[in-house]
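To start, the structure under review is shown below, and the notes come after it.
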2 protein chains.
Amino acid sequence: MVKIQCQRRNTRQRQVVLEELRASFSHPTAGDLYRTVVARMPQISLGTVYRNLEILQESGQAIRLAGCTGQEARYDGRTDPHLHFQCCKCARISDLDTMLPLLDELVGTTVEGHEVTAYQVVLRGTCRACGSSR
Amino acid sequence: MVKIQCQRRNTRQRQVVLEELRASFSHPTAGDLYRTVVARMPQISLGTVYRNLEILQESGQAIRLAGCTGQEARYDGRTDPHLHFQCCKCARISDLDTMLPLLDELVGTTVEGHEVTAYQVVLRGTCRACGSSR
DNA sequence: ATCGTTGCAAAATATTTGCAGTTGA
DNA sequence: TCAACTGCAAATATTTTGCAACGAT
C-alpha cells in the first residue's frame, strides 16, 4: 500500500496548466482550466489536465479546495494558508486575507489524538456582490 | 431566479433517510446511505435518497460536508457547529469536539465585504488510528 | 535508452431528471 | 383533492483508465 514517488518531469503541458491556474482567480474546475489551456495548446486533452492537477496537488503547487463535497473539484494556485469565502447565492469562491492565528497554531500539534498537518476553512454567506445588489 | 419554497411532506422515505443518517457516525455518501436504507425499505431508489439528502440539507437537518471538492458527497446528521478532521491516509472523517470561539464570532459579521452566516473547517493530517499503527 | 507522460477514447463513477403512478396533509 | 413525492430508467456530468506513441532527462 506504499505509494511510490517517481521522478516527475517538467512537461510543457504541466507548465501551462500551472501557469493558467496561477493566472486565474476564479478557483477553476478541471473543465474550466481545460478550456483555458486548450486555447494555448489545442492538442491537450482533458485527461491530461486531470492528471496534472492531481500531480500539482501532490507536489504542493496547487490545492484542491475544500468546499461542499460532491461538486466538481475546484483548484487554487495560491498555496499560502488563507481562508475562502463561498457565496450561497452565486456559489463563487473568494480568497480572504483575514488571518486566524489560532488555526495556524494547531498545525503540528495533535488534536483529539489526530496529528494536524494542514487545514482548510470555508466561510459561507452572501458575498459583497450579491449582498449589495438586493 | 427566485427559488420557490414548497410545503414539504414528511414521507416515510425521508424519515428513514434522516434516521439512518443520524445513526451513522461515518459521514456517509449517498450510496452508503442508500445501502443502509434499502435494508429497511427494499423498494426505495437511489434517486430518492439523493433527492431527500438535498431537501434535508436545504432545511438544515443535514449538512453536506466540506472536504475536498470533486469527491463523492458526504453528509452529516450532526448539525451543531463543529470541526472535522480528515485523515490523509485512510480518508476517514471524524467529528471533533474542539471549539474555535473566534470562528463563531465571525458568524453574523461582515468579512472583507461578505456577510458570513456559517463556516466549515477541515483539519487534515494523520488520524489516531493511522498514526499509532505505523 | 528509459520510463514518465500524452492523446485518445472508452469505462467507471456520481448525480440529476422526465414521467407516470402514489401518497401525505 | 392535489401538489409533493416516489420508483424506475435514461440522461448527464465528472473522473479515471488502458494503451500505444511520444518526449524529457
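Sequence lines set the chain letters: A, B, ... in the order given, protein chains first and strands last, and positions in each chain run from 1. This structure is a prediction, so every number in the text was calculated from the model and none was measured.
Taking 4.0 Å as the cut-off between side-chain N and carboxylate O, R74(B) and D76(B) do not count as a salt-bridged pair. Salt bridge annotation for R64(A)-E54(A): present, with a cationic side-chain nitrogen under 4.0 angstrom from a carboxylate oxygen.
Residues L96(A) and H84(A) have side chains not in contact (no heavy-atom distance under 4.5 Å, counting atoms from C-beta outward). Residues Q43(A) and M41(A) form a side-chain contact, since some pair of their non-hydrogen atoms from C-beta on lies under 4.5 Å apart. Two residues are said to be in side-chain contact when any heavy atoms from C-beta on lie closer than 4.5 Å; Q61(B) and T79(B) fail this criterion. Contact annotation: the side chain of Y34(B) never approaches that of T48(B) to less than 4.5 Å [non-hydrogen atoms, C-beta and beyond]. Using a 4.5 Å cut-off on side-chain heavy atoms (C-beta onward), H114(A) and S94(B) make contact. Contact of the Q86(A) side chain with the Q120(B) side chain is not registered, since no non-hydrogen atoms from C-beta on lie closer than 4.5 Å. Side-chain contact between H27(B) and R92(B) is absent, with no heavy atoms from C-beta onward closer than 4.5 Å.
Going from atom CG of L53(B) over to atom P of dT16(C) covers 10 Å, rounded to whole Å. The distance between atom CD1 of I44(A) and atom P of dT5(C), rounded to the nearest whole Å, is 13 Å. Atom-to-atom, CG of L46(A) to P of dC8(C) comes out at 12 Å; the value is rounded to the nearest Å. In this entry the distance linking CD of Q15(A) with C1' of dG4(C) reads 15 Å, nearest Å.
Running 5' to 3' along DNA chain D, contacts with non-hydrogen atoms of chain A at under 4.0 Å begin and end at dT14(D) to dT25(D).
Judged by distance alone, the side chain of Q57(B) and the main-chain N or O of A62(B) form no donor-acceptor pair under 3.5 Å. Checked by atom type and distance alone, the side chain of T29(A) pairs as donor or acceptor with a backbone atom of D32(A) at under 3.5 Å.
Checking I55(B) against A73(A), the closest nucleotide of DNA chain D that is more toward the 5' end is the one next to I55(B). The residue among Q13(B) and Q71(B) whose nearest nucleotide of DNA chain D is located toward the 5' end is Q13(B).
Side-chain atoms of R51(A) come within donor-acceptor range of the base of dG7(C), with a qualifying N/O pair under 3.5 Å.
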Taking N or O atoms only and anything under 3.5 Å, show me the protein contacts with nucleotides 23-25 of chain C, one pair per line.
{"unit_1": "dT23(C)", "atom_1": "O2", "unit_2": "R9(B)", "atom_2": "NH1", "d": "3.3"}
{"unit_1": "dG24(C)", "atom_1": "N2", "unit_2": "R9(B)", "atom_2": "NH2", "d": "2.6"}
{"unit_1": "dA25(C)", "atom_1": "OP1", "unit_2": "N10(B)", "atom_2": "N", "d": "3.2"}

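Comparing the axis of the opening five pairs of the helix from dA1(C)-dT25(D) to dA25(C)-dT1(D) with that of the closing five pairs yields an angle of 50°, rounded to 10°.
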